[in-house]
> 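I have a structure here, written as structure tokens, and I will follow up with some questions on it.
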Number of protein chains: 2
Amino acid sequence: MKLTTKGRYAVMAMADLASYSRDKPVSLSEISARQNISIAYLEQLFLRLKNKKLVKSLRGSRGGYVLDKPAAEIKLSNIFYAVNEEIKTLNCKKDSKRGCNNKSVKCITHDLWDDLENHINDFFDKIKLADLTRKKNEK
Amino acid sequence: MKLTTKGRYAVMAMADLASYSRDKPVSLSEISARQNISIAYLEQLFLRLKNKKLVKSLRGSRGGYVLDKPAAEIKLSNIFYAVNEEIKTLNCKKDSKRGCNNKSVKCITHDLWDDLENHINDFFDKIKLADLTRKKNEK
DNA sequence: TTAAACCTTAGCAATTTACTAGGAATTGTA
DNA sequence: TACAATTCCTAGTAAATTGCTAAGGTTTAA
């Protein structure tokens, strides 16, 4: 069970954006340099973040990205969802009451995996982007 | 972020064992039939479960496996650890205070991933094998 | 006009996953 | 004693996923 770079980098990039775009847009090359993520890869992530209205882009020279809403209103779960970092603990359908493993009864541990999924999702729902930068500034 | 079959199947198989080995050892072919997991794959998992002393084997005809300790004393985290289902949220070293992403400073979100990892591990530490079978019998 | 940026799709190498194969060793039972 | 049922063990491998890179387009400030 491991986090993929998509989710990890997306959160890192958004945290970077939240820290550095106080007055001006931040370009991907800046984020790339600070976070050590290739520009091409960042482009892919920001495409999705923009589609989900988490960031706004400013094209052209001196362009870049800014947050599309206050950092306090962006949940980490929003970011994960945007870049398709899915939390999957089951191979059977999440809400199916039956039909796991091609059997007619729900698998023994079905509820367990559901619980775990909720547990992880709760974690990401509770934490806002603002919480990350605040934490950083406190140090 | 998803659970692999190793961890999922290992827990399912152990839950099956806990439910059905009251008086006699349970063979992998029985578990295979009930849980719909191939015998060859179960063999691999039980090799590790045995090495970590979570199950005991009885070889030969009519052989099989039994739990090596009461179901109430087996944590899910023990099972996960046995089959190498690792919870990994970082690519940098867990306890390193510096050095993420080839930089000299800790990455912004390092603590976040640590927290998530602990959050998930706590979940598996709290739940015992006995909790799963109890839940099942209540229904 | 030019350079710096974003935008978009395609593709691909490396790794990981989820198994399967094949055979050896052990032991209850007919 | 033969044999069938079982565990034990090591390799190998097809498919899927991951983590990128490539290439070229569009937009805009200076």
Side-chain angles (χ1 to χ4, degrees), chain A residues 1-13 17 20-21 24-33 35-52 54-66 68 80 83-91 101-102, chain B residues 1-13 17 21 24-33 35-52 54-66 68 80 83-92 101-102:
Chain A
M1 170 157 236
K2 66 170 186 269
L3 209 57
T4 66
T5 53
K6 263 190 311 186
R8 193 165 48 217
Y9 287 176
V11 172
M12 286 168 66
L17 198 54
Y20 291 96
S21 75
K24 56 162 189 35
V26 174
S27 71
L28 295 188
S29 62
E30 287 178 67
I31 299 180
S32 171
Q35 305 301 329
N36 209 37
I37 304 168
S38 86
I39 294 183
Y41 200 40
L42 283 172
E43 282 176 340
Q44 288 184 24
L45 299 176
F46 275 82
L47 197 60
R48 310 214 214 188
L49 293 170
K50 201 188 60 162
N51 288 338
K52 297 295 179 199
L54 297 182
V55 298
K56 249 188 315 209
S57 67
L58 291 151
R59 302 187 68 172
S61 175
R62 300 274 175 133
Y65 292 91
V66 289
D68 201 7
F80 271 59
V83 297
N84 251 45
E85 172 81 52
E86 294 181 283
I87 310 297
K88 268 194 185 167
T89 55
L90 297 161
N91 56 356
N101 274 349
N102 307 321
Chain B
M1 170 159 238
K2 66 171 187 268
L3 209 59
T4 66
T5 53
K6 263 190 312 184
R8 192 165 49 219
Y9 287 177
V11 172
M12 287 168 66
L17 198 55
S21 75
K24 56 162 188 35
V26 174
S27 71
L28 295 187
S29 63
E30 287 179 67
I31 298 179
S32 170
Q35 304 301 330
N36 208 38
I37 304 169
S38 86
I39 295 181
Y41 200 40
L42 283 172
E43 282 175 344
Q44 289 183 22
L45 300 176
F46 275 82
L47 199 60
R48 311 214 214 187
L49 293 170
K50 203 188 58 163
N51 288 339
K52 297 295 179 196
L54 297 181
V55 299
K56 248 187 317 208
S57 67
L58 291 150
R59 302 188 67 173
S61 176
R62 301 273 174 135
Y65 291 91
V66 289
D68 201 9
F80 271 57
V83 298
N84 252 44
E85 171 82 52
E86 294 180 282
I87 311 296
K88 269 192 188 170
T89 56
L90 297 163
N91 56 355
C92 36
N101 274 348
N102 306 321

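All values below come from the heavy atoms of this structure, side chains included, with hydrogens, waters and symmetry mates left out. First the proteins, then the strands, lettered A, B, ... as listed; each starts at 1.
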> Between P on D:dT17 and NZ on A:Lys6, what's the gap in Å once rounded to a whole number?
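Going from A:Lys6 (NZ) to D:dT17 (P), I get 10 Å.
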
> Taking atom P of C:dA5 as reference, at what distance in whole Å does atom CG of A:Leu42 sit?
14 Å

> Strictly below 4.0 Å: does A:Tyr65 bring a side-chain N or O up to OP1 or OP2 of C:dC7?
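It does, given that an N or O in the side chain of A:Tyr65 lies less than 4.0 Å from OP1 or OP2 of C:dC7.
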
> Measure the acute angle between the ring planes of B:Tyr65 and B:Phe46, then classify it against the limits of 30° and 60° as parallel, tilted or perpendicular.
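Judged by the thresholds at 30° and 60°, the geometry between B:Tyr65 and B:Phe46 is tilted.
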
> Between B:Tyr9 and C:dC19, is there a side-chain N or O to OP1/OP2 distance below 4.0 Å?
yes

> Nearest whole angstrom, please: distance from the P of C:dT16 to the CD of B:Glu85.
14 Å

> Which nucleotide sits closest to the side chain of B:Glu43: C:dC7, D:dC9, C:dT16?
D:dC9

> Rounded to whole angstroms, how far apart are OH on B:Tyr41 and P on D:dC9?
19 Å

> Can you tell which of C:dA4, C:dG28, C:dT8 lies closest to the side chain of A:Ser61?
C:dA4

> Do the side-chain N or O atoms of B:Thr5 get closer than 4.0 angstrom to the phosphate oxygens (OP1, OP2) of C:dA18?
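For C:dA18, OP1/OP2 do have a side-chain N/O of B:Thr5 under 4.0 Å.
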
> Does a side-chain heavy-atom distance below 4.5 Å link B:Tyr9 with B:Ile31?
no

> Examine D:dT7: is either OP1 or OP2 under 4.0 Å from a nitrogen or oxygen in the side chain of B:Ser57? Give yes or no.
no

> OP1, OP2 of D:dC8 versus side-chain N and O of B:Lys50: anything below 4.0 Å?
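So the side-chain polar atoms of B:Lys50 do come within 4.0 Å of the phosphate oxygens OP1 or OP2 of D:dC8, strictly under.
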
> Donor-acceptor pair, distance only, cut-off 3.5 Å: does the side chain of B:Glu85 make one with the backbone of B:Arg8?
no

> Between D:dT7, C:dC6, C:dT8, which nucleotide gets closest to the side-chain atoms of A:Ser27?
C:dC6

> Rounding to a whole Å, what distance do you find between A:Gln44:CD and D:dC20:P?
10 Å

> To the nearest angstrom, how far is B:Arg59 atom CZ from C:dT26 atom P?
6 Å

> Mind checking if B:Phe46 touches a base, just sugar-phosphate, or nothing, with heavy atoms under 4.0 Å?
nothing

> Round to the nearest Å and state the distance from B:Leu3 atom CG to C:dT17 atom C1'.
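Rounding to the nearest Å, CG of B:Leu3 and C1' of C:dT17 are 13 Å apart.
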
> Please confirm whether the shortest side-chain N or O distance from B:Ser38 to OP1 or OP2 of C:dT20 is below 4.0 Å.
yes

> Considering heavy-atom distances to DNA chain D, does B:Met1 or B:Ile39 have its closest nucleotide positioned more toward the 5' end?
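Mapping each residue to its closest nucleotide by heavy atoms, the 5'-most match is B:Ile39.
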
> Does atom NZ of B:Lys88 have more than 12 heavy-atom neighbours from other groups under 6.0 Å away?
no

> How many whole angstroms separate atom CD of A:Glu86 from atom P of D:dT18?
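So the two atoms are 10 Å apart, to the nearest Å.
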
> Could you check whether any side-chain N or O of B:Ser32 sits under 3.5 Å from a backbone N or O of B:Ile37, counting only pairs where one atom can act as donor and the other as acceptor?
yes

